[in-house]
Amino acid sequence: MNHLLDWQYIDDAVWSKLVERAVEHAQHPSWSQRAAGKSLGMVFFNPSLRTRTSMELAAAQLGAFASTLTPGQGTWGFKFGTGKMDGAEAEHIVEAIGVLSRYYDTLGVRLFASGTDLEADRQEVKMREIIQASIVPVINLESAYYHPCQALADAATIHEHFSGQQKKKRFVLAWAHHPKPLPMAVPNSALLQAVRQGMDVVVARPESHALDPVIMDLATQTAEKSGSSLQVTEDLDGAMEGAAVIYAKAWGGPMVYHEPKKEATNRLAYAEWQITAERMRKTDNGVFMHCLPVRRDVVVASEVLESAQALHLRQAHFRLFAQKAILEAIWGLF
Ligand code: CP
């Protein structure tokens, strides 16, 4: 495996092997020196708790060295794209990544959506500029449209929970109310991994908060290949009936780019789109998943997070195991 921008660019065979490898790591946690002498340099343009710490630990557990930079905090400010550099940024991203990729064997970068230029976010313009400038593999640690590390952890968590029997089980991607219009990377990736695993997927969201049609088309094609199904509904309660997995996530959607005021008004009107214990009782003993961080009693009731149906902490633990598998694949260790 070279760069990891998103799993859609990686073969099914490699994806399946990595899901299984992540589960193996979960079932046999270990420290080794398998990647001794390797190095991982990470650049976080946005905050992180899980991705940063689990990636540092994943490298350490394989015997590799990892370090993390936060642009603007102890580094120069980085400029992207073209134009005379007479503003605040002192270093161009092409030189910054050019240098870092000569020091480290692999880079990891977190760089969220702009939220203002839909086409640039859809095309991953900034992440692609970074990949282009790097002479070593780049791992996407959450970009404008994709969060592949989260997706692999999600798939492996589901694989473990259902002992590999998740095909045709009902997976509900449930839009949730939130005070902010969050980006689409996590719901996009959660949707794509679920259809790739052959789960019968329902996206439950208000009409105003549809995902990008580009992602829905990709999910439809993936569902056709894997023999799964994909439905969309505005009926959250109906979607919960018989569900095996409820994956809650807030997102702003494409409307944020074109009609931000309308998006905010609509979002406020859907404050009751929360995963409650009553809603969880409609499922078929379904589990609750969320990428975290999660706002208690806004996105999901505290009662659900503290119930036996909550899988979100195991899911977060899987970030470590999934990223060990990704590093092993990139470093040719399995
Ligand atoms: N889920 C996730 O990526 O968590 P962080 O933003 O804390 O890294």
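Note that ligands are numbered from 1 as they come in the structure, with each ligand's atoms numbered from 1 the same way. The basis for the numbers below is simple: all heavy atoms, side chains too, and nothing from hydrogens, waters or symmetry mates.
Sorted by chain then number, the residues whose non-hydrogen atoms approach ligand 1 to under 4.0 Å are Ser48, Leu49, Arg50, Thr51, Arg110, His147, Gln150, Cys291, Leu292, Arg319.
Taking both residues in full, the closest heavy atoms of Val136 and Ser101 are given as CG1-O, 3.3 Å, listed atom of the first, atom of the second, then distance. The shortest heavy-atom contact between Arg110 and His147 is NH2-NE2, 3.4 Å.
For Phe112 and Phe45, the gap between ring centers reaches or exceeds 6.0 Å. When ring centroids are compared, Trp175 and His209 come within the 6.0 Å threshold.
Under the 3.5 Å distance criterion, with hydrogens and angles disregarded, a donor-acceptor pair is assigned to the side chains of Gln323 and Ser54. When only modelled atom types and interatomic distance are considered, Asp154 and Gln315 share a side-chain donor-acceptor pair under 3.5 Å.
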